[in-house]
Colleague: 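For reference, the structure I am asking about is given below.
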Amino acid sequence: MNLVTNLIALGLDAGILALCCEGVFGQKSSGKTRELLLLPILFLLFIIPRVNVIAVREKMTVSIPVQGFEIVPVDGIVGLLFLIFSVLLLNSIFFSQRSSSHIFCGTMAVFSIYLFVKCLSIVFLAVCGAGDFFAPFRQQRPLFGPCPSAHLHAVFGADP
């Protein structure tokens, strides 16, 4: 279930970014094949920085982590730079009739609008009470380690 949820979230993120690209660069959608490729390419660009590959002896495990991707679809500065530069390259290929300064400023505007929309959607869901709906899916772990009362019981030998 976590993989399906992650893929749906990545698809929605790619859709938001594709709509932001189309809105900022003002392209009229004519249904060309080139324009239809924008969403799947952005989806792949969102998956690449998230994938963890662990190779141990003759076994290789591929996973997509769940936590830490609520606002930005990457978890580090290297992934963020990869995402920004790849979207910049993608925008320069897809919207090539514009000047390079327009493409650069437009890409930065696209990311600003994308982050603004993501933050607004998270605030909207929090106001609507979606935190209670997602509570069973969260991993239950303490914020700063085990419960302090468990330490006291272990130190003083009292029963919990």
Side-chain angles (χ1 to χ4, degrees), residues 1-128 130-131 133-135 137-141 143-144:
M1 185 69 178
N2 286 334
L3 180 65
V4 173
T5 306
N6 280 339
L7 292 178
I8 290 172
L10 285 171
L12 290 174
D13 286 343
I16 291 171
L17 194 63
L19 286 175
C20 289
C21 287
E22 292 289 331
V24 166
F25 291 109
Q27 292 287 338
K28 294 181 181 177
S29 91
S30 58
K32 294 181 196 173
T33 311
R34 184 175 170 187
E35 292 176 1
L36 296 176
L37 286 176
L38 185 63
L39 183 66
I41 292 173
L42 285 174
F43 182 71
L44 287 176
L45 289 178
F46 278 15
I47 287 179
I48 290 170
R50 282 181 98 165
V51 173
N52 287 337
V53 179
I54 300 170
V56 178
R57 296 195 179 168
E58 296 178 6
K59 184 180 179 186
M60 185 168 62
T61 306
V62 178
S63 65
I64 299 176
V66 178
Q67 295 179 345
F69 301 102
E70 288 81 16
I71 304 283
V72 182
V74 294
D75 64 344
I77 189 73
V78 175
L80 184 63
L81 288 174
F82 169 77
L83 188 63
I84 288 174
F85 287 136
S86 58
V87 171
L88 181 63
L89 179 66
L90 187 68
N91 285 339
S92 68
I93 291 170
F94 272 76
F95 310 109
S96 59
Q97 74 270 15
R98 309 286 181 162
S99 67
S100 58
S101 61
H102 186 266
I103 296 291
F104 178 76
C105 293
T107 302
M108 295 305 126
V110 162
F111 271 100
S112 298
I113 293 169
Y114 168 75
L115 291 175
F116 182 70
V117 168
K118 286 281 289 200
C119 288
L120 278 182
S121 64
I122 289 172
V123 167
F124 177 74
L125 289 174
V127 167
C128 290
F133 175 74
F134 293 115
F137 300 110
R138 280 190 232 129
Q139 293 179 352
Q140 299 296 327
R141 62 181 175 174
L143 190 59
F144 295 109

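These numbers come from the heavy atoms of this one structure, side chains and all, not from hydrogens, waters or symmetry mates.
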Colleague: Are Ile54 and Lys59 close enough, and set up right, to give a side chain to side chain contact (heavy atoms under 4.5 Å, CB included), and what steps lead you there?
Modeller: CA-CA 8 Å; Ile54 300 170; Lys59 184 180 179 186; over 6 Å; no
Colleague: Hey, are the side chains of Ile47 and Leu7 touching, using non-hydrogen atoms and a 4.5 Å cut-off?
Modeller: yes
Colleague: What heavy-atom pair brings Phe25 and Val110 nearest, and what distance separates the two atoms?
Modeller: CE1-CG2, 4.2 Å
Colleague: Quickly, which of Leu89, Leu10, Leu83 forms a side chain to side chain contact (heavy atoms under 4.5 Å, CB included) with Leu45? Name it, please.
Modeller: Leu83
Colleague: CZ of Phe104 to OG of Ser100: how many Å apart, nearest 0.5 Å?
Modeller: 10.0 Å
Colleague: Nearest 0.5 angstrom please: Leu42 CG to Ile16 CD1, how far?
Modeller: 11.5 Å
Colleague: When rounded to the nearest 0.5 angstrom, what is the spacing between CG in Leu38 and CZ in Phe94?
Modeller: 5.0 Å
Colleague: Can you measure from CZ (Phe46) to CD1 (Ile41) and round to the nearest 0.5 angstrom?
Modeller: 13.0 Å
Colleague: Side-chain contact test, heavy atoms from C-beta onward, threshold under 4.5 Å: evaluate it for Asp13 versus Phe43 and give yes or no.
Modeller: no
Colleague: Between Met60 and Val53, is a side chain to side chain contact (heavy atoms under 4.5 Å, CB included) present by the stated rule, with each step listed?
Modeller: CA-CA 7 Å; Met60 185 168 62; Val53 179; 3.7 Å; yes
Colleague: Can you tell me how far the CD1 atom of Ile93 sits from the CG atom of Leu37, to the nearest 0.5 Å?
Modeller: 11.5 Å
Colleague: Using 0.5 Å steps for rounding, measure from the OG atom of Ser121 to the CG atom of Leu12.
Modeller: 9.5 Å
Colleague: By the definition side chain to side chain contact (heavy atoms under 4.5 Å, CB included), identify the one residue from Ile113, Val87, Thr107 that meets it with Cys20.
Modeller: Ile113
